[in-house]
Structure formats: C-alpha cells, structure tokens
Q: 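My questions all concern the structure below.
Each residue takes its place number in the sequence, starting with 1. Note that the structure is predicted; figures quoted are calculated from it, not measured.
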Amino acid sequence: MPTSSASTTDTAKSNGGGVQSLERAFDLLERMADAGGEVGLSELSASSGLPLPTIHRLMRTLVACGYVRQQPNRRYALGPRLIRLGESASRLLGTWARPYLARLVEETGETANMALLDGDEIVYVAQVPSKHSMRMFTEVGRRVLPHSTGVGKALLASFPPEEVRALLSRTGMPAATEKTITTPDGFLAALEDVRRAGYAVDDNEQEVGVRCLAVPVPDSPTAAAISISGPAGRVTEAATEKIVPVLQQVAGELSEALAAQNQA
C-alpha cells in the first residue's frame, strides 16, 4: 500500500516541529535579502541546496502573496508587501528599545538612538533625546548611507570585506561633510578600528559639529546598533572613555531582552 506523501512534500513538518514549506520560504526570503534583494532561481538553488522545482513552487506562492515579484529579466526581487511587515517590526523593536535608550540618556546626558541595517541603508527606529538645550535630533524613520555614520560602521564591522565593498559600490560614498570617508579602502580601515576598539565613532562625518559613538546589539534578530550623539564639544575623547562602557552594557542588556522576547 503506498505511503502518504504528506511526510515528503513541502507541507511536511520539519525536525524542529515547524512547517517545512514555511521554513524554506522564509529562508529563501533571507537569502534574497542577503544577495541585495534580487536573485535568480539557479542562485537560490546553489545557495540553499534545494532543488529547482521546489524553489520554483515556493517562489510562485510568494509572488502570488506579493512578498516577491518577478522581474522582466525573469529574476526574482523582494516584493512591496514586505515593507509593511518590516516597518511594523521596526516600530515594535524601537518600542522595546526605548527604556534602554532612556537609560543611556540618563547615564550619558546625550541623545540615544537605535538603528537597523535595512538593505543597503541605515534606518533609525527609535530615539530618546538629551535633556540639554543643545542636543541632537534624528527623525525616527530617517534613512542614511552607512559609510558616514557611527551606527553604519558598528553594523558593517562584522561583515566580510567583499560584502562591504559590494554594498559601497551599490550606494556610492557621497561626502556629507569634508570629514566623510569617501573611499572603500578608507572605510575598511575604519571598520578594522571598530573591531579593534569595540565601538564606532562618527567624528563630524555625517554632520559638522556632531560626534556619535555606536556599538552593535549582540545577537539581535536583525542587524541593530545603538548610539549616543551630541555636540563635539561634549562628546570628547575623555567623555568617550566613560560613555563606551555604558553603551556596551546597555547593548548587552537589550540583547538579552530581545532574546527573551523571541523565546516567549
């Protein structure tokens, strides 16, 4: 008597108890994002190890749902419906982070921010302003290029050099100020400094008169960093020695809180 195909098709449960087709679909979406948002079926098959018919079936479903779209060149790109999901998740992540950012403001006196790497851009998802009359404001939802920001350096420091170069080639490296790093080699050298020091600095590179200190949030479900920003006259080298340990401690505590949310 033939066995049921339910145990061998994409509707089967995975070893972890999940639905295999869902796990595979989300894996493909993440692989597309890692590849810059547009890929061909053969590339997905090579990177995922899945057979082409399985990938084609999953992509047809994702296209029908609006989460993927097929380009005129037959390649597949991330679809517009993902934007709404991403924006909602970003707002929720920013909400969870606000108490930790408030602690940063309390302990450092400067404006605290949280930012994510979204595609090739940095997007700010939360901010708690300083109580000083002279303080920094960054609109939540603002998007900037990573090469001119402390959070961008903090997030890209863990990336392989070839991926960083590919990103920079896609975005370009326009100068926001005369201190902005505008060459890939210069930026990679700055990332080496970040890895060595354990934190990133934006020294008048995004805005004249403003310094920013940033660290990544370890093991965040999506690449995230927190930072403080303030006038260069207050965020001095001496202040940096006091601020960085606070940033690193708060980033660790935020990481633990996000991990607990994921397990809930």
Side-chain angles (χ1 to χ4, degrees), residues 94 97-117 122-140 142 144-159 164 173 175-183 185-220 223-257:
R98 280 188 63 83
Y100 298 88
L101 299 183
R103 257 192 60 208
L104 275 177
V105 174
E106 195 66 34
E107 296 193 31
T108 69
E110 303 299 343
T111 295
N113 314 281
M114 183 178 191
L116 309 179
L117 183 63
I122 298 298
V123 58
Y124 289 91
V125 296
Q127 181 182 82
V128 175
S130 164
K131 296 179 175 64
H132 289 290
S133 56
M134 183 181 292
R135 56 193 175 186
M136 302 302 109
F137 288 101
T138 298
E139 182 182 357
V140 172
R142 181 189 179 198
V144 296
L145 297 181
H147 72 282
S148 60
T149 64
V151 285
K153 293 176 187 175
L155 288 168
L156 292 181
S158 62
F159 281 47
V164 175
M173 301 183 71
T177 75
E178 61 182 23
K179 294 196 69 175
T180 305
I181 300 171
T182 56
T183 66
D185 287 343
F187 189 70
L188 288 170
L191 296 188
E192 182 59 38
D193 291 339
V194 174
R195 288 189 286 271
R196 183 169 53 250
Y199 66 95
V201 182
D202 160 13
D203 187 4
N204 294 267
E205 296 162 52
Q206 176 68 28
E207 187 175 345
V208 174
V210 177
R211 289 188 89 233
C212 171
L213 307 173
V215 299
V217 178
D219 304 317
S220 175
I226 58 173
S227 68
I228 65 90
S229 54
R234 286 204 307 259
V235 186
T236 60
E237 292 297 333
T240 297
E241 294 180 6
K242 298 177 181 177
I243 291 172
V244 167
V246 178
L247 267 172
Q248 292 170 332
Q249 180 181 356
V250 172
E253 293 175 3
L254 177 55
S255 173
E256 292 176 2

Q: To the nearest 0.5 Å, what is the distance between CG on L247 and CD on E107?
A: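 L247 CG to E107 CD: 10.0 Å, rounded to 0.5 Å.
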Q: Side chains of S148 and Q206: do they bring a donor and an acceptor to under 3.5 Å?
A: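 Yes.
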Q: I need the minimum non-hydrogen distance between V217 and A251, along with the two atoms involved.
A: CG1-O, 3.8 Å
Q: Which heavy atom of P146 sits nearest a heavy atom of L156, and at what distance?
A: CB-CD1, 3.8 Å
Q: To the nearest 0.5 Å, tell me how far T180 OG1 sits from D203 CG.
A: 11.0 Å
Q: Please name all residues satisfying side chain to side chain contact (heavy atoms under 4.5 Å, CB included) with A154, sequence neighbours left out, ordered by chain then number.
A: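 Counting only residues at least two positions away or on another chain, A154 forms a side chain to side chain contact (heavy atoms under 4.5 Å, CB included) with A200, A214, P216, A225.
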Q: CD1 of I243 to CG of L104: how many Å apart, nearest 0.5 Å?
A: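 Going from the CD1 atom of I243 to the CG atom of L104 covers 9.5 Å.
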Q: Does any donor atom in the side chain of S227 or N113 lie under 3.5 Å from an acceptor atom in the other side chain?
A: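 Short answer, yes.
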Q: Report the C-alpha separation of R196 and D193 in whole Å, then their side-chain angles, then the decisive distance to 0.1 Å, and conclude whether the side-chain contact (heavy atoms from CB on, under 4.5 Å) test is met.
A: CA-CA 5 Å; R196 183 169 53 250; D193 291 339; 2.3 Å; yes
Q: Do NZ/NE/NH1/NH2 and the carboxylate oxygens of R195 and E192 come within less than 4.0 Å?
A: yes
Q: Just by distance, do the side chain of T108 and the backbone of E110 share a donor-acceptor pair under 3.5 Å?
A: yes
Q: What are the two closest heavy atoms between Y124 and V144, and how far apart are they?
A: CE1-CG2, 3.9 Å
Q: Can you name the closest pair of heavy atoms from T182 and A175 and give their distance?
A: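 In terms of heavy atoms, the two residues are closest at CG2-CB, 3.9 Å.
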Q: Ignoring hydrogens and geometry, is there a side-chain-to-backbone donor-acceptor pair from S220 to A223 under 3.5 Å?
A: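 Not confirmed, S220 side chain does not pair with A223 backbone.
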Q: Looking at every heavy atom in both S255 and D219, which two are closest together, and how far apart are they?
A: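 Closest approach of S255 to D219: OG-CB, 4.1 Å.
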Q: Would you find more than 12 non-hydrogen atoms of other residues, nucleotides or ligands less than 6.0 Å from E253 atom CD?
A: yes
Q: Quick one: does any side-chain atom of K153 pair with a main-chain N or O of D202 as donor and acceptor, under 3.5 Å?
A: no
Q: How many angstroms lie between CD1 in I122 and CG in L145, if you round to the nearest 0.5 Å?
A: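 It comes to 9.0 Å.
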Q: Is there a donor-acceptor pair closer than 3.5 Å between any side-chain N or O of T111 and the backbone N or O of S130?
A: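 Yes; judged by distance alone, with no hydrogens or angles, the pair exists.
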Q: When rounded to the nearest 0.5 angstrom, what is the spacing between CD in E205 and OG1 in T177?
A: 7.0 Å
Q: Any salt bridge (Lys or Arg N to Asp or Glu O under 4.0 Å) involving residues 236-249? Give me the pairs, sequence neighbours left out, ordered by first then second residue.
A: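 Salt bridge (Lys or Arg N to Asp or Glu O under 4.0 Å) check on residues 236-249 returns R211-E237.
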Q: Going from CG on L213 to CD1 on I226, what distance comes out if it is rounded to the nearest 0.5 angstrom?
A: 11.0 Å
Q: For I181 and F187, work out which heavy atoms get closest and say how close.
A: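 Nearest pair, atom of I181 first, then F187: CG2-N, 3.4 Å.
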